[in-house]
Structure formats: C-alpha cells, structure tokens
Amino acid sequence: MQRRTFFTHTGSLALSTAVLTPSLSLAQANTPREGTDFKVLNRAAPVETPAGKIELIEFFWYSCPHCNAFEPVLTQWVRKLPKDVVFKRVPVAFRDDFVPQQRLFYALEALNLIDTLHARVFAAIHVEKQNLTQGAVIIDWVAKQGIDRDKFAEQFNSFAATTKATRARQLQTAYEVEGVPALGVAGRYYTDGALAKSMGRVLQVVDHLTNQIRRAA
C-alpha cells in the first residue's frame, strides 16, 4: 500500500478555533458515518489500557507540517477529555529514516520531558528550520535545551527506545495508518483528515466514537 506521509487538505489546517467553538459541536454536525468519517478495523489492534478505560492514540511525525499545525489544538482538546479516556502519542515510521525521531520521542518520554520539550521539537523543525533527522544532531539539540547530554543519549540509544519504536510500528500497521496526523480509538476505529475531511471534524468523530463505546459498556 502506498502511504502518505502527511495530509494535504488545506481546510484541515484551519484549526485555530474551529475545533473549539460551540457552533461546530457534534450536535450540529452530521452524525459520523463508518466508511466516510472513520473506519472499523478488520482486526482489533492491541490496547494497553485497563478495563473501563478507552485508549486513544495520536499517530504523528515531528517533521510533518500538518502534525505541527494540529498539535496546539490537540493539546487543548486533550486537556478536556473525560477521565475514562487514556490518551497516548505514537510516533510513526513509514520509512527507516523516521526512526531517529521515534527514538527522540521515547527518550523524552523516559526522562519525563514531553511536557517540556515535545512542542519545542515541533518549533525547532517548523519555525527554526532545524534538520532534526539524525541521532547526533538530535542529541546536540536536546543538550542545548539544558538537558544532560549523557542521560539523554543513554535513553536515545537504549534497548527500551528500540523496543518502543518497534511497538509503534506494529501499532501503526495494526491501525492501518495511511498518513498523519491520525487517531486510533480503543483498538477498533481509525480516522484521519482524509477520511473526515478536516482535523476539526476528526476530533468530533473521536468524541462520537468514545461516547458510543461508553454507552455500549
């Protein structure tokens, strides 16, 4: 299957307030439809959340401009998620040269630096135009942010980072991810900007799906 590395829908990038305004609430939108706004996986993807929780995954790539545009809106939306929803980020690797950025994410995660540096990585790539695609350059950049170089390098090159990157690729395959940003829900559903026609609509679709799962439970 030919994979897109990112979506090209101009409308999907006009995210600033469209997702958050009551006028675009799900109640006023058409009910999301299977095959149009989302797809049901033919085979359930593995989940790691306990019973009674709904796992929600964002598939992303640091170098994707659409992921960069989506990030602040997603972050604001995630802060308002119900307590039974467990949100996770999963960095994709459509090619082997994506792997260093997967390792970057998992090293930051291991050092509890996601809240501090996740958004800053996007800014470095998309605003400052830094080429954070190679391990040595990534380690240098993180050290310049005031993080202990040796501690970060240890995590970046660790077996744990390798294992998590492999796991990420398995989840990417299980959810049949074709482009980013994309969202997977409870190991059962997948949606992205190409399906829903905009990333604002994607978040409405996910709200609908989580409510549907909650009612069924």
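- Panel note: side chain Tyr175, backbone Gly187; a donor-acceptor pair is recorded below 3.5 Å.
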Step-by-step side chain to side chain contact (heavy atoms under 4.5 Å, CB included) determination, Phe94 to Trp61: CA-CA 9 Å; Phe94 294 133; Trp61 175 36; 5.9 Å; no
When the side chains of residues 151-158 are checked against the rest of the protein, which donor-acceptor pairs come out under 3.5 Å, sequence neighbours left out?
from	atom 1	to	atom 2	distance (Å)
Asn157	ND2	Ala153	O	3.0
Ser158	OG	Gln155	O	2.7
Ser158	OG	Ala161	N	3.1

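- Separation of atoms CG (Leu56) and CG (Asp84) is listed at 11.0 Å; rounding is to 0.5 Å.
- Residue Asp148 holds its CG atom at 9.0 Å from CG of Leu111, rounded to the nearest 0.5 Å.
- A salt bridge links Lys88 with Glu48: the distance from a Lys NZ or Arg NE/NH1/NH2 to an Asp or Glu carboxylate oxygen falls below 4.0 Å.
- Using a 4.5 Å heavy-atom threshold, the side chains of Val205 and Leu195 count as separate.
- Neither side chain, His126 nor Tyr62, offers a donor N or O lying under 3.5 Å from an acceptor on the other.
- Contact between Leu41 and Ala174 at its shortest, heavy atoms only, is CD1-O, 3.8 Å.
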Please assess Val202 against Phe38 for the test side chain to side chain contact (heavy atoms under 4.5 Å, CB included), listing each intermediate value before the final yes or no. CA-CA 8 Å; Val202 163; Phe38 66 91; over 6 Å; no
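- Neither Ile54 nor Val86 shares a network with the other; the hydrophobic side chains, linked directly or stepwise wherever heavy atoms of I, L, V, M, F, W or Y lie under 4.5 Å apart, form separate groups for each.
- In this structure, Pro181 and Glu58 approach most closely via the heavy-atom pair CB-OE2, 4.3 Å.
- Between the Lys53 side chain and the Lys83 main chain, a donor and an acceptor come within less than 3.5 Å of each other.
- When all heavy atoms of Arg201 and Ser198 are compared, the pair lying nearest together is N-OG, 3.0 Å.
- Taking hydrophobic clusters as Ile, Leu, Val, Met, Phe, Trp and Tyr residues chained together by side-chain heavy-atom distances below 4.5 Å, Leu132 does not share a cluster with Val99.
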Evaluate the side chain to side chain contact (heavy atoms under 4.5 Å, CB included) criterion for residues Phe98 and Arg169: first the C-alpha distance (whole Å), next the side-chain angles of each, then the deciding distance (0.1 Å), finally the verdict. CA-CA 11 Å; Phe98 285 35; Arg169 294 184 92 160; over 6 Å; no
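- Remark: Gln101 CD to Gln134 CD distance equals 10.0 Å, nearest 0.5 Å.
- Pro100 and Ile138 make their closest contact through O-CD1, 3.7 Å (heavy atoms, listed as atom of the first residue, atom of the second, distance).
- By the 6.0 Å contact criterion, CD on Gln145 is enclosed, its count of non-hydrogen atoms from other residues, nucleotides or ligands being greater than 12.
- Scanning all heavy atoms of the two residues, the minimum distance from Asp37 to Thr31 falls at OD2-O, 4.2 Å.
- Going from atom CD1 of Ile57 over to atom CZ of Arg89 covers 12.5 Å, rounded to the nearest 0.5 Å.
- Between the side chain of Gln102 and the backbone N or O of Pro91, at least one donor-acceptor pair lies under 3.5 Å.
- Put simply, Phe122 and Ile147 are part of the same group of oily side chains (I, L, V, M, F, W, Y) that touch within less than 4.5 Å, one to the next.
- Between Tyr106 atom OH and Ile114 atom CD1 the span is 9.5 Å, to the nearest 0.5 Å.
- A salt bridge links Asp140 with Arg149; the closest basic N to acidic carboxylate O contact falls under 4.0 Å.
- Considering only residues two or more places apart in sequence or on other chains, Lys39 meets the salt bridge (Lys or Arg N to Asp or Glu O under 4.0 Å) condition with Glu176.
- In terms of heavy-atom proximity, Asp192 sits nearest to Ala182 at CB-CB, 3.8 Å.
- Cluster membership for Ile213 and Val47, using ILVMFWY side-chain heavy atoms within less than 4.5 angstrom, is not shared.
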Walk me through it: do Leu171 and Phe59 pass the test side chain to side chain contact (heavy atoms under 4.5 Å, CB included)? CA-CA 9 Å; Leu171 272 176; Phe59 294 96; 4.2 Å; yes
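- A distance-only check finds no donor-acceptor pair linking the side chain of Glu71 to the backbone of Ala119 [under 3.5 Å].
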